[in-house]
Amino acid sequence: MRPILLSGHERALTQVKYNRDGDLIFSVSKDQQICVWFAHNGERLGTYHGHVGAIWTIDIDPTSTIMASGSADNTIRLWDIKTGKNLKTWEFPTAVKRVEFNEDGTKLLGVTEKRMGHLGTIVVLDIKVDVEAEQSDEKALTIVCDESKATVAGWSYLSKFIIAGHEDGSVSQYDAKSGDLLYNIAIHELDCPITDLQWSQDRTYFITASKDKSAKLVTAKDLEILKTYVSDTPLNSATITPKKDFVILGGGQAAMDVTRTSARQGKFEARFYHKIFEDEIGRVRGHFGPLNTVAAEPTGKGYCSGGEDGYVRVHQFDKGYFDFMYEVERERQNRLNQQQQSTA
Amino acid sequence: MDAERINSADVAVVEERRRLLDEWYAWRHQVEEELAEECEIIQRPVDLVAELLKAKTADIGPNAEEQIIE
């Protein structure tokens, strides 16, 4: 599994994301740049300029028409992916740490930072997935997080719920229409912030990563913990692979906290776990600093990671990855194949 | 004796994995059914994104000239 190294950013990566087809990778960094790359060869297609602060987050609508970014310059910006035009800018009192489109791209949520005099919020904007359209100035909804600020948030299946991960290690389920808090459950260790929240393909369950060194698989409908993946390092990101039942975790102790040898030798690793059995099954090393963000390619062909070292590493899975199966999985596969044959 | 003990431990592990796998797919099956029902109620396609992409392609049209973006 030979990676492609994308070097275009000058500072730590904060989020990487594939578009729906998996042919493009979008990356954002503290260097105030948004880059877009071809996933198959790592060629840089372009950059998007406008933000004047570290960029924390990015998302792409399902049709790869527009994208949204959130920054330490206290704005969410909407972009025309094809032309690079900044279509709209919304201003907030504090930094924007996370943005996410809902399933059809008609709504965008933004997580705003807590700061003296300002509580953390989750805002919802109505979006027209059309580069010619006038976008609304008004927020459709504001959810105030008065208990513990939200660090990450996303839209569930059918845009029914907004699910947020908090600084105190809990997750919340909000009614996406009214903004009412329905549930709040402590799922990670108290006061270990949730650093990432990514969805399964149908958005009925999600994975969280936490500084408590674990990742959890949780249902959107009733916030039930399905699985726990235990690692030995604080986690910054977690993603669910389509096609194979794996999850990929990224993290690492910052170099200043440990001896510098691991940083010099590129020993920071992406960790693969079996989604159902919770076992660690492999690691991929390469980064020279903690992995800040990992993303699974939506058609199941590979994954990419963004590091504190300023690099994006893109991996295409090889045959061994697809062939790997536990004995009981092979059993099940054989049984299904037999059933198919007998009905055919 | 040792071989037997290891063997029975292996069997227990495999049994447990089989249980976990069945439990997972049973849960997935149930969730997928519920989701399909909810989609039907609100008259929405289950694979919304596929529909959106179809609409976008139709918009561009089969005869639209291919654009080369430099």
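Computation of the quantities below employed the complete heavy-atom set of this structure, encompassing side-chain atoms and omitting hydrogens, waters and symmetry-equivalent molecules. We name chains A, B, ... by the order of the sequence lines, and we start the count at 1 in each one.
For CD of A/E132, the number of neighbouring non-hydrogen atoms (other residues, nucleotides, ligands) closer than 6.0 Å is 12 at most. Around NZ of A/K221, the count of heavy atoms belonging to other residues, nucleotides or ligands within 6.0 Å does not exceed 12.
Scanning both residues, B/V49 and A/R20, for their nearest heavy atoms gives CG1-NE, 3.6 Å. The shortest non-hydrogen separation linking A/I276 to B/L20 is CG2-O, 3.6 Å.
Put simply, the side chain of B/L52 does not reach to within 4.5 Å of the side chain of A/V129, judged on heavy atoms. Under the 4.5 Å side-chain criterion, counting only non-hydrogen atoms from C-beta, A/D279 is in contact with B/R17. A/P62 has its side chain out of reach of B/L53: every pair of non-hydrogen atoms, C-beta onward, lies at least 4.5 Å apart. Residues A/F277 and B/E16 fail the side-chain proximity criterion, which asks for heavy atoms closer than 4.5 Å. In this structure, A/D245 and B/Y25 have side chains that are in contact, with non-hydrogen atoms separated by less than 4.5 Å.
Contact check on A/D202 versus B/R28 returns a salt bridge, with a Lys/Arg side-chain nitrogen under 4.0 Å from an Asp/Glu carboxylate oxygen.
Only the side chain of A/L217 comes within contact range of chain B, with heavy atoms under 4.5 Å apart. Contact annotation for B/E34: only side-chain heavy atoms (C-beta onward) come within less than 4.5 Å of a heavy atom of chain A. Both the backbone and the side chain of B/V14 come within contact range of chain A, judged by heavy atoms closer than 4.5 Å. For A/T65, the parts lying near chain B are the backbone and the side chain together; criterion is any non-hydrogen pair under 4.5 Å.
Options B/V46, B/I42, B/L48 differ in how many heavy-atom pairs under 4.5 Å they form with chain A, and the most are formed by B/L48.
A/S178 meets the side-chain contact (heavy atoms from CB on, under 4.5 Å) test with A/D175, A/D180; sequence neighbours excluded.
Ring centers of A/Y205 and B/W27: under 6.0 Å apart, within the cut-off.
Within residues 324-333 of chain A, the residues having any heavy atom less than 4.5 Å from a heavy atom of chain B are, in residue-number order, A/Y326, A/V328, A/E329, A/E331, A/R332.
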